[in-house]
Novice: 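After the structure tokens below, expect a handful of questions from me.
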There are 2 protein chains.
Amino acid sequence: MIKKISIKDVAKLANVSPTTVSRVINNSDHPVSPETKAAVEKAIKELNFQPNRMAQGLITNRSGIIGIIIHDISDAYFAEIVKGVQEVLFDYDYIVNIYNTYRNVDKELRAVNMLIANRADAVVLTGGTLLDSYYKEKMQQYIEELKSYGSIVIGVTSHPFAIKNIKIGNEYIVKTIYNYLASKGHQKIAYINGPELLSTTQNRFSGYKQALLERKAVINKNLIIKSDFTFMGGRKAALELLDHLGEFTAVIASNDELALGLIWEFKNQGIKVPEDVSVVGIGNNPAAKYSYPPLTTVALPSYQLGVQIGEYIKNSLYSTKVVDDEIEVQVSLIERESVRDLNR
Amino acid sequence: MIKKISIKDVAKLANVSPTTVSRVINNSDHPVSPETKAAVEKAIKELNFQPNRMAQGLITNRSGIIGIIIHDISDAYFAEIVKGVQEVLFDYDYIVNIYNTYRNVDKELRAVNMLIANRADAVVLTGGTLLDSYYKEKMQQYIEELKSYGSIVIGVTSHPFAIKNIKIGNEYIVKTIYNYLASKGHQKIAYINGPELLSTTQNRFSGYKQALLERKAVINKNLIIKSDFTFMGGRKAALELLDHLGEFTAVIASNDELALGLIWEFKNQGIKVPEDVSVVGIGNNPAAKYSYPPLTTVALPSYQLGVQIGEYIKNSLYSTKVVDDEIEVQVSLIERESVRDLNR
DNA sequence: GAACTCATGGAAAACCTTTTCCATAAAGAG
DNA sequence: CTCTTTATGGAAAAGGTTTTCCATGAGTTC
């Protein structure tokens, strides 16, 4: 019932050996006469033969599988990375498979484990490290495992274990925003933090603190809200901020969902953005431009990042040339209408 | 340099045969004494052994790979489907890999081809058929191929070739919207169409026409705008509609991006939503609730759909029980604030 | 105590490729 | 004319599993 056409069938039909068939499939260096080649190709077409990747992989030690671990594919940031990676690698016959882990330690670990079993050629870890200590240790071990099988491992935002690390300057982003707001005359700036156990959160927050330090501003603890990167989190944060209305003129949300929630709830409470309070997010979420007012935010060039990761993988796996270990990624502030210029 | 631990190494360490190791790995029916089992497990742990999936697949005829072909992972509708599928199948050690084809014929075909080479256990075709005739013929052939290798093929919105078809009642959705608007007193309703070569587009539009027919309304060609499922497309459509302002009180956009663009541009032109014109979308895009006003739309239960697809695949592949061939998916209208009630 | 059955384990073939090594014949070199 | 290359092709091993079939010994049954 199940069709099984193998290289042998092709060989038989073309009246050659499997070896020869393999040679034409792989465009081998070993010479094959034009006639035999044509015969083989004809047979392949006739039988609709597709070499079995598993058998190939078994012997070449290449699975053709690229794993990419993300928190949530619904998040445009991750979706764009995946697209970039996939776009590039598609042309080289790699299949990219994704794991939504929702920042869950067990899922993350299990995903890597599956990737080991599948002998993935490369795995990309996005979304920042989870700072759980059990996770860290275990992940460390798995990644060693992965590497020892010959996989290349890439960490997107400073995964400490990865072979290659791509840094999006999270501190830099927040400092940029802070300075931008300062240039618009804002002195007192609130900050909405992300989920605690995430390196991204820590790095962004550290950028906020650095900015305060550089401008010799005083820290007002009332203006630092713990939250969780969600729209609802943003709404709650807005409510918390309500008690301290006079104490700030602007707020930096550590991602766009948060910022969108903030704007929503402020509007809901009769507080006007940007007239009463300015809001800036991070991420350039697609929804950011549909909001009212359109959200000023920082674009993480995630698609481009994905493409670069893809290129890096391709080069490492496909060619022998030494690949540049630096990936530069440009971050840009997108001015829309959620910030008021206090200088005017 | 590259680590290669095989079942043989485990066997040697545990002082048993590879056969026995295989038996404990796979929890075989063939009895293994508790002591040997323990010994094997100890050896596995000690060597950090992970059975090679490719070797396994070669012999079991199962790759453990699920392919899912989508137009664009950045589109929340697809992202949610993928999540659902992945969520379910993750627990059964399947890896799901995605292909963004951007509705491109060649990419779509190439993707299926790669899935054949990888001997995918199942492939899911989302996003509606492309109505290109070359595509149709070629795809037909590929799918036959796929099936003949034992893959199961699932089409989400009436892919004519798939083994199983899951229909989201696209006609029904639009009729529901139409009737909803009618119940709010709207008589003249414009319609923004999607990209032409897509079955989804055709089905939704057919729903619009049916609704008109049922209500014995006259078709006003000025109110039917060709567009393309994008935000910019929605903006352009709004502009086109500007010339016929008196002729309609509401507009149905065939997806949310379109609706969001519509609202944006109407606002831009000083036309108030919903005071001057009501807008309804389809899809419940995450951005829909951040818009101003929040968009009334129809939720396609895409995550749930994904879960069901996942379940179906799991059941077909994993168990022997016959699986129900009907998948019911519930569609619901989400009332927000973009529709005005003319009865009051 | 003979004949079965059952629990446990191993040997070897099979899955489908690629790769290494060898074979043959024709062509070129001297 | 012999020796060496070169072009072309095949045989067989290897890769890491699972599976089929067989072997052994102990326990049961009469």
Side-chain angles (χ1 to χ4, degrees), chain A residues 2-41 43-44 47-65 93 116-121 148-150, chain B residues 2-41 43-44 47-65 93 116-119 121 149-150:
Chain A
I2 283 185
K3 171 170 152 190
K4 313 222 98 198
I5 290 176
S6 81
I7 206 172
K8 284 181 192 167
D9 302 305
V10 177
K12 201 168 289 171
L13 184 60
N15 235 316
V16 297
S17 73
T19 309
T20 303
V21 177
S22 169
R23 295 209 248 255
V24 349
I25 290 173
N26 298 299
N27 237 301
S28 146
D29 285 342
H30 192 101
V32 174
S33 78
E35 301 85 51
T36 15
K37 189 173 173 185
V40 169
E41 276 163 353
I44 289 178
L47 295 175
N48 249 314
F49 169 71
Q50 282 276 13
N52 184 323
R53 280 277 232 158
M54 292 181 279
Q56 292 184 134
L58 192 53
I59 192 161
T60 58
N61 241 313
R62 285 284 166 83
S63 63
I65 293 175
D93 284 346
I116 295 175
N118 279 286
R119 306 291 192 267
D121 291 340
S148 73
Y149 275 114
Chain B
I2 283 183
K3 170 171 154 187
K4 313 222 98 200
I5 290 176
S6 83
I7 205 173
K8 286 182 191 167
D9 303 306
V10 177
K12 201 168 288 170
L13 184 60
N15 237 317
V16 296
S17 75
T19 309
T20 303
V21 177
S22 170
R23 294 208 249 255
V24 349
I25 290 173
N26 298 301
N27 237 299
S28 147
D29 285 341
H30 191 102
V32 173
S33 78
E35 302 85 49
T36 15
K37 189 173 174 187
V40 169
E41 274 163 353
I44 288 177
L47 295 175
N48 247 313
F49 169 72
Q50 282 277 11
N52 184 324
R53 281 278 231 156
M54 292 181 281
Q56 292 185 132
L58 193 54
I59 193 160
T60 58
N61 241 314
R62 284 284 166 84
S63 62
I65 293 175
D93 284 348
I116 295 175
N118 279 287
R119 304 292 190 267
D121 290 342
Y149 275 114

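Numbered from 1 within each chain, the chains take letters A, B, ... in sequence-line order. What's counted below: heavy atoms across the whole structure, side chains too, no hydrogens, waters or symmetry copies.
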Novice: Rounding to a whole Å, what distance do you find between B/Asp9:CG and D/dG15:C1'?
Specialist: 13 Å
Novice: Given atom CE of B/Met54 and atom C1' of D/dA14, what is their separation to the nearest angstrom?
Specialist: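 Going from CE in B/Met54 over to C1' in D/dA14 covers 14 Å.
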Novice: Grab the CZ-P distance between A/Arg119 and D/dG15 for me, whole Å please.
Specialist: 14 Å
Novice: Is B/Ser28 touching bases, backbone alone, or none of the nucleic acid, heavy atoms closer than 4.0 Å?
Specialist: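 Here B/Ser28 touches no strand at all.
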Novice: Would you say A/Lys4 places a side-chain N or O within less than 4.0 Å of OP1 or OP2 belonging to C/dC15?
Specialist: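 Answer no for this pair, as no side-chain N or O of A/Lys4 is under 4.0 Å from OP1 or OP2.
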Novice: Both B/Leu58 and B/Thr20 contact DNA chain C. Which one's nearest nucleotide lies toward the 5' end?
Specialist: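 First, find each residue's nearest nucleotide; the 5'-ward one identifies B/Thr20.
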Novice: How long is the straight-line distance from CD1 of B/Ile44 back to CD1 of B/Ile7, given to the nearest 0.5 Å?
Specialist: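 Between B/Ile7 CD1 and B/Ile44 CD1, I get 8.0 Å after rounding to 0.5 Å.
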Novice: By the definition side chain to side chain contact (heavy atoms under 4.5 Å, CB included), identify the one residue from A/Val40, A/Leu13, A/Asp9, A/Thr36 that meets it with A/Val21.
Specialist: A/Val40
Novice: Take the protein atom CG of B/Asn118 and the nucleotide atom P of C/dC16, then report the distance between them rounded to whole Å.
Specialist: 16 Å
Novice: With respect to the phosphate group of C/dG9, does any side-chain polar atom (N or O) of B/Ser33 fall under 4.0 Å of OP1 or OP2?
Specialist: yes
Novice: Please report the interatomic distance CG(A/Asn27) to OG(A/Ser22), rounded to the nearest 0.5 Å.
Specialist: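 Taking CG in A/Asn27 and OG in A/Ser22, the distance rounds to 11.0 Å.
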Novice: In whole angstrom, give the distance that lies between atom CD of A/Glu35 and atom P of D/dT8.
Specialist: 8 Å
Novice: When the distance from CG of B/Asp29 to P of C/dC6 is rounded to whole Å, what number comes out?
Specialist: 15 Å
Novice: From B/Met54 CE over to A/Thr60 OG1, what is the distance, rounded to the nearest 0.5 angstrom?
Specialist: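 Answer for the CE-OG1 pair, B/Met54 versus A/Thr60, is 7.0 Å.
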Novice: Within this structure, what is the CG-to-P distance between A/Asn52 and D/dT17, rounded to whole angstrom?
Specialist: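 Taking CG of A/Asn52 and P of D/dT17, I get 16 Å after rounding.
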Novice: When you compare the side chain of B/Leu58 with that of A/Asn52, does any pair of heavy atoms fall below 4.5 Å?
Specialist: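 Yes, their side chains come closer than 4.5 Å.
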Novice: The side chain of A/Phe49 is closest to which nucleotide in this list: D/dT17, C/dT17, D/dA7?
Specialist: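 Closest of the options to the side chain of A/Phe49: C/dT17.
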Novice: How does protein reach along nucleotides 18-27 of chain C, written 5' to 3' as B (base within reach of a heavy atom under 4.0 Å), S (only sugar-phosphate), or - (no contact)?
Specialist: BBB-------
Novice: Where the side chain of A/Ser17 is concerned, which of C/dT8, D/dG15, D/dG10 is the nearest nucleotide?
Specialist: D/dG10
Novice: Stepwise, does the side-chain contact (heavy atoms from CB on, under 4.5 Å) test hold for B/Thr19 with B/His30?
Specialist: CA-CA 10 Å; B/Thr19 309; B/His30 191 102; over 6 Å; no
Novice: Decide yes or no on side-chain contact (heavy atoms from CB on, under 4.5 Å) for A/Gln50 and B/Arg119, but give the supporting numbers first.
Specialist: CA-CA 9 Å; A/Gln50 282 276 13; B/Arg119 304 292 190 267; 3.9 Å; yes
Novice: Would you mind reporting whether A/Gln56 and A/Asn26 have side-chain heavy atoms less than 4.5 Å apart?
Specialist: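 Yes, side chains in contact.
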Novice: Tell me the bend of the helix from C/dG1-D/dC30 to C/dG30-D/dC1 as the angle between end helix axes, each from five pairs, rounded to the nearest 10 degrees.
Specialist: 40°
Novice: Starting at NZ of A/Lys8 and ending at C1' of C/dC15, how long is that distance when rounded to a whole Å?
Specialist: 9 Å
Novice: Is there a side-chain contact (heavy atoms from CB on, under 4.5 Å) between B/Thr20 and B/Val32? Walk through the geometry before answering.
Specialist: CA-CA 7 Å; B/Thr20 303; B/Val32 173; 4.3 Å; yes
